[in-house]
J.: 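My questions all concern the structure below.
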Amino acid sequence: MATERYNPREAEPKWQKAWSEAKLFETDNSDPRPKYYVLEMFPYPSGRIHIGHTRNYTMGDVVARHRRALGYSVLHPMGWDAFGMPAENAAMQNKVHPGKWTYDNIDTMREQLKLMGLSIDWSREFATCDVDYYHRQQMLFVDFLEKDLVYRKQSKVNWDPEDMTVLANEQVIDGRGWRSGALVEQRELTQWFFRITKFSQDLLDSLETLTEWPEKVRVMQRNWIGRSEGLQLRWELLAGTAPEGESELEVYTTRPDTIFGASFMAIAADHPLAKKAAASNPDLAAFCEECRRHGTSVAELETAEKKGFDTGIRVVHPFDPDWTLPVYVANFVLMDYGTGAIFGCPSGDQRDLDFANKYGLPVIPVVMPADGDAATFQVTEEAYVDDGVMINSRFLDGMTPDAAFEEVASRLEAASMDGRPQAARKVQFRLRDWGISRQRYWGCPIPVIHCEECGVVPVPKADLPVKLPDDIDFEKPGNPLDRHPTWRNVACPTCGKPAKRETDTMDTFVDSSWYFARFTAPKADDPTDPKAANEWLPVDQYIGGIEHAILHLLYSRFFTRAMRETDHLDLAEPFKGLFTQGMVVHETYRTGSGAKGQWHAPSEVRLDDSGGKRRAVVIATGEEAEIGSLEKMSKSKKNTIGPEEITQSYGADTARWFMLSDSPPDRDVEWSDRGAEGAHRFVQRIWRVVTGAAANIAPGDAGDAGDESLAMRKAAHKALKAVGDDFEKLGFNRAIARVHELVNQIAPTVEKAAAGSDSDKAAAHEALSILVQLIAPVMPHLAEECWQALGYEKMVAETAWPVFDPALVTEDTVTLPVQINGKRRGEIIVAKDADKDSVERSALAADFVIHHLGGASPKKVIVVPNRIVNIVA
RNA sequence: GCCCCCUUGGCGGAAUGGUAGACGCAAGGGACUUAAAAUCCCUCGGCCUUUGGCCGUGCCGGUUCGAGUCCGGCAGGGGGCACCA
């Protein structure tokens, strides 16, 4: 029968409209059904959606549609991470207001997303730059301030003197500003910090409960938090060598067991003792200055050689008053970790060893392998950092390092110095408080006022929001808020005298640290409706890129805790399930080389693989382009594909199907036209199979169907079971393979059934209905069109997920492979769940077994029920 | 340097310790067609003496009746962290 080809350009807008009019995806908080919250990391409105975004959203959409069919009340919202620098850059380059640029982009991107047919509750949409949103963020800030979860302190920043702006570390390239090229200075500014370290231990411990997170992400967070147990230990300065008024040096160590291997002390250039010593020593002062300068660039840090400067100060060993050690200022000691001072044990630490070898300091091995020889064990080029046994360490000799740690810690805790214990055990974290001040315009204003009389005063909630002024100019460098003629000036809320607004805005990571909570009640007057937040949260399935494995997720975990302390919700962990998806990559095409090199978009080249070699030819010029490696889609390499390019030709369903097939969702997928063509062929195939039979089949009792029809029903029910499991585990590629398999199995039978008995027709109708429901989460438009062809009146998007019949997914007999000595020699067919003895008898009676055994009797027969038989000859 | 992950046909990838290569892409052959597209059918890891057999999941070893899967070592590739004492 001749059938019309399926036309996505007609069908897709039609169904999108139908869903929208039926408000199928708008979620009511009062819906009594069990709740399921699926969320994809919201996009930055950079200008255009590319196909990589849509893979992420498609995954979430499959989960959302599947859960909805399973009877859940599903929350699946979308919004925009809309503050940030690109808008300001655009403002400077194109003289367009950052707000206009952002909202224009959002409009474009929303339309692009809508083409994909995502089942999103658009009624909850917001952008973080909406006054309504940042208003509530300011309320949170004020609440945090009250609970001492926000504070101000001096902190170093990278300052670009030409652009008069603060730079993030990644904007500093070779010590210069990425835009201006000016030498970056380190400046001390008073900045706002969130007290994330208050929760260090909890953020670490609680990782254990996040069993639905990738292990990789948990490891990364654990390392980032960086807990260590050690000893804070005070060393007495040798009288006569110390600067005026200094009598001790406190260090932090995780290896107190190696204290007899100490051969020097090293302190940071910014350490108070270093500053004091430098005051009377110009050479030392110069060295300290050099250390500070090197702090700016990551690249320099990586290659930096260990360098030190002997201050002339000496300390006395805590266990031997006659043993004194030199104090160096060293470039590898950080002021803001521990106490900014260490003791160096060269034999047990590679950095210390490098340092000692450079400055001719002693290297005393104090730990050796358990089977080593203390008399000959030496450390020269490589420090010994493993477990073992203590040597050269007086009363510690023979102990394990762990026992020695305990011994040293207990003795020094008991020892007194200046009336206080000489040492204290201390847990130290690598995690630092989160600096959120940004000297920029396009961000959430920090709602405080600086008054000469009253100090720092939070803006009263009644006076919120502090709105960004619209009349700004980007003609001059620096923060437009700072030089705005009137915006800064305000009366102090406490005393009424003239005061100044804070001109810093918040890090955009703040915006994304609680948007998931706002989605649960996006119109609430308060930041959240605690009832809605508690009912919806945690997000059941969060989906996003691995690039946010640390900061965004950690900040969100902090925010959830901070919002609990301020009574905005009542939970600690915002994301129950986390999935990190791979990227969509595409090969690149390039002509010329070096500075003259030029990238070409996929649409600009023609591919040709005749003669066994793939070649790319630039259509406009006929020039041959070099085919480059698979890379993340990026504007600069022009290897991006927009959703429209696909929807205009093949339709959204094809794109959705293709992006989820083949590659597992956590790996990268290569976008290729051939793959997309293949997916589109399958779309058409389903349409043909369904509509070819639809007119001649009808629902009914399939109980009397013939063997072929029964096989078709079994195939459908087995696929239903498997695909449901796969969707739940986000195994989209496997689910898609199963659907292919199902179509391969039933396509021939369906045609025959359409000309068969009523039972056969019912069987075909049932199998096709299941098929359509299985594809519906991935190809929702095609599914609706097919569903209608099958005679249903309700849409498939509002139809419950079918339930498989257990009787149809099990077989009476099972084919067992038979191995002889672990090699497969044949197979036997036995009754399902047959007892081991009868299986063994059948196996031994099989021709091929008798042949292979050659009359010998087997030594052993292993029968794994319903799995395999292995005969050991 | 430290930590983590990965390695299976021409390609993407399947495979609760139990028939390796499901499914798809690409390729080759055939049918239909005036022709093309579309569609349908067949072949598709390697080797051999081809109704059968041998080898085969980066490499070397181990555990096991049985290893792609578990353990130890090595190699290659990727990712994260950045001197954290």
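Sequence lines set the chain letters: A, B, ... in the order given, protein chains first and strands last, and positions in each chain run from 1.
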J.: Sugar-phosphate means primed atoms, P, OP1 and OP2; the rest is base. With that split, encode nucleotides 13-22 of chain B 5' to 3' as B, S or - using protein heavy atoms under 4.0 Å.
T.: SSSB-BB--B

J.: Nucleotides 41-49 of chain B: which of its N/O atoms have a protein N/O under 3.5 Å away?
T.:
none

J.: Reading RNA chain B from 5' onward, which residue's closest nucleotide shows up sooner: Lys216(A) or Arg351(A)?
T.: Lys216(A)

J.: What distance separates Lys718(A) NZ from Leu720(A) CG, expressed to the nearest 0.5 Å?
T.: 13.0 Å

J.: If anything within 90° of 0 is syn and all else is anti, what is G9(B)?
T.: syn

J.: At under 4.0 Å between heavy atoms, what does Asn821(A) touch on the DNA or RNA strands: base, sugar-phosphate, or nothing?
T.: nothing

J.: In residues 264-274 of chain A, what residues come within less than 4.0 Å of RNA chain B, judged by heavy atoms?
T.: none

J.: For the P atoms, the ones on G12(B) and on G58(B), what distance do you get once it is rounded to whole angstrom?
T.: 13 Å

J.: Of Tyr6(A), Trp657(A), Tyr650(A), which is the lone residue that meets ring-ring contact (aromatic ring centres under 6.0 Å, His included) with Phe682(A)?
T.: Trp657(A)

J.: Once you apply a heavy-atom cut-off of 4.0 Å, does Gly678(A) come out as touching a base, just sugar-phosphate, or nothing?
T.: sugar-phosphate

J.: Determine the Euclidean distance between corresponding C1' atoms of C4(B) and A67(B); express it in Å to zero decimal places.
T.: 24 Å

J.: Just call it for Ser228(A): base, sugar-phosphate, or nothing, with non-hydrogen atoms closer than 4.0 Å on any strand.
T.: sugar-phosphate

J.: With rounding to the closest Å, how many angstrom separate the C1' atoms on C71(B) and G56(B)?
T.: 23 Å

J.: Is the centre of the Phe355(A) ring less than 6.0 Å from the centre of the Tyr328(A) ring?
T.: yes

J.: Counting the atoms with a prime plus P, OP1 and OP2 as sugar-phosphate, which does His852(A) contact under 4.0 Å by heavy atoms, base, sugar-phosphate, or nothing?
T.: sugar-phosphate

J.: So which pairs with a foot in residues 333-350 of chain A pass salt bridge (Lys or Arg N to Asp or Glu O under 4.0 Å), sequence neighbours left out?
T.: Asp336(A)-Arg432(A), Asp349(A)-Arg351(A)

J.: For C65(B), does the base pair up with any side-chain atom of Lys859(A) as donor and acceptor (N or O, under 3.5 Å, distance only)?
T.: no

J.: Below 4.0 angstrom from OP1 or OP2 of A37(B), is there any side-chain N or O of Arg681(A)?
T.: no

J.: If the condition is ring-ring contact (aromatic ring centres under 6.0 Å, His included), which residues does His851(A) pass it with, not counting sequence neighbours?
T.: none

J.: With heavy atoms under 4.0 Å as the rule, sort Val669(A) into base, sugar-phosphate or nothing.
T.: nothing

J.: Among all residues two or more places apart in sequence or in another chain, which pass the salt bridge (Lys or Arg N to Asp or Glu O under 4.0 Å) test with Lys714(A)?
T.: Glu811(A)

J.: If we ignore hydrogens and angles and just use 3.5 Å, is the side chain of Gln350(A) paired with the main-chain N or O of Glu381(A) as donor and acceptor?
T.: yes

J.: Quick check on A85(B): is either OP1 or OP2 less than 4.0 Å from any side-chain nitrogen or oxygen of Tyr337(A)?
T.: yes

J.: With rounding to whole Å, what would you report as the distance between G30(B) and G46(B) at their C1' atoms?
T.: 26 Å

J.: If you look only at distance, which donor and acceptor atoms sit under 3.5 Å apart when one is on a side chain in residues 862-873 of chain A and the other is two or more places apart or in another chain?
T.:
| residue | atom | partner | partner atom | Å |
| --- | --- | --- | --- | --- |
| Asn866(A) | OD1 | Asp833(A) | N | 3.0 |
| Asn866(A) | ND2 | Asp833(A) | OD1 | 2.7 |
| Asn870(A) | OD1 | Gly822(A) | N | 3.2 |

J.: Could you give the distance separating G24(B) and C40(B) at their P atoms, to the nearest angstrom?
T.: 11 Å

J.: Which residues satisfy the salt bridge (Lys or Arg N to Asp or Glu O under 4.0 Å) test with Glu208(A), sequence neighbours excluded?
T.: Arg222(A)

J.: Take atom P in U63(B) and the same atom in G13(B), then report the distance between them in whole Å.
T.: 33 Å

J.: Please measure how far the C1' atom in G73(B) lies from the corresponding atom in A26(B), and state the result in whole Å.
T.: 38 Å

J.: Phosphate oxygens OP1/OP2 of C83(B): is one of them under 4.0 Å from a side-chain N or O of Lys307(A)?
T.: no

J.: Could you measure between the two C1' atoms, the one in G17(B) and the one in U57(B), and give it in whole Å?
T.: 15 Å

J.: Arg667(A): what forms a salt bridge (Lys or Arg N to Asp or Glu O under 4.0 Å) with it, not counting sequence neighbours?
T.: none

J.: Taking the six-membered ring for Trp, are Phe732(A) and Phe727(A) parallel (under 30°), tilted (30 to 60°) or perpendicular (over 60°)?
T.: tilted

J.: Taking the minimum atom-to-atom distance to the side chain of Arg430(A), which one of A82(B), A85(B), C83(B) wins?
T.: A82(B)

J.: For Arg432(A) and Ala679(A), take the nucleotide of RNA chain B holding the closest heavy atom to each; which residue's nucleotide lies nearer the 5' end?
T.: Ala679(A)

J.: What stems show up for RNA chain B when you take Watson-Crick pairs (N1-N3 plus N6-O4 or O6-N4) and G-U wobbles (N1-O2, O6-N3), both under 3.5 Å, and require three or more consecutive pairs?
T.: B:1-7 with B:75-81, B:10-12 with B:23-25, B:27-31 with B:39-43, B:45-48 with B:52-55, B:58-62 with B:70-74

J.: Restricting to ring-ring contact (aromatic ring centres under 6.0 Å, His included), what partner residues turn up for Tyr555(A), sequence neighbours left out?
T.: Trp434(A), Phe509(A)

J.: May I ask you to verify if any side-chain N or O of Ser661(A) is less than 4.0 angstrom from the OP1 or OP2 atom of C25(B)?
T.: no

J.: Hey, mind stepping through Met779(A) and Val739(A) against side-chain contact (heavy atoms from CB on, under 4.5 Å) and telling me if it holds?
T.: CA-CA 12 Å; Met779(A) 303 201 282; Val739(A) 172; over 6 Å; no

J.: If you count the non-hydrogen atoms of other residues, nucleotides and ligands that lie under 6.0 Å from CD in Glu248(A), is the total more than 12?
T.: yes

J.: Under a 4.0 Å heavy-atom cut-off, which of residues 719-731 of chain A touch RNA chain B?
T.: none

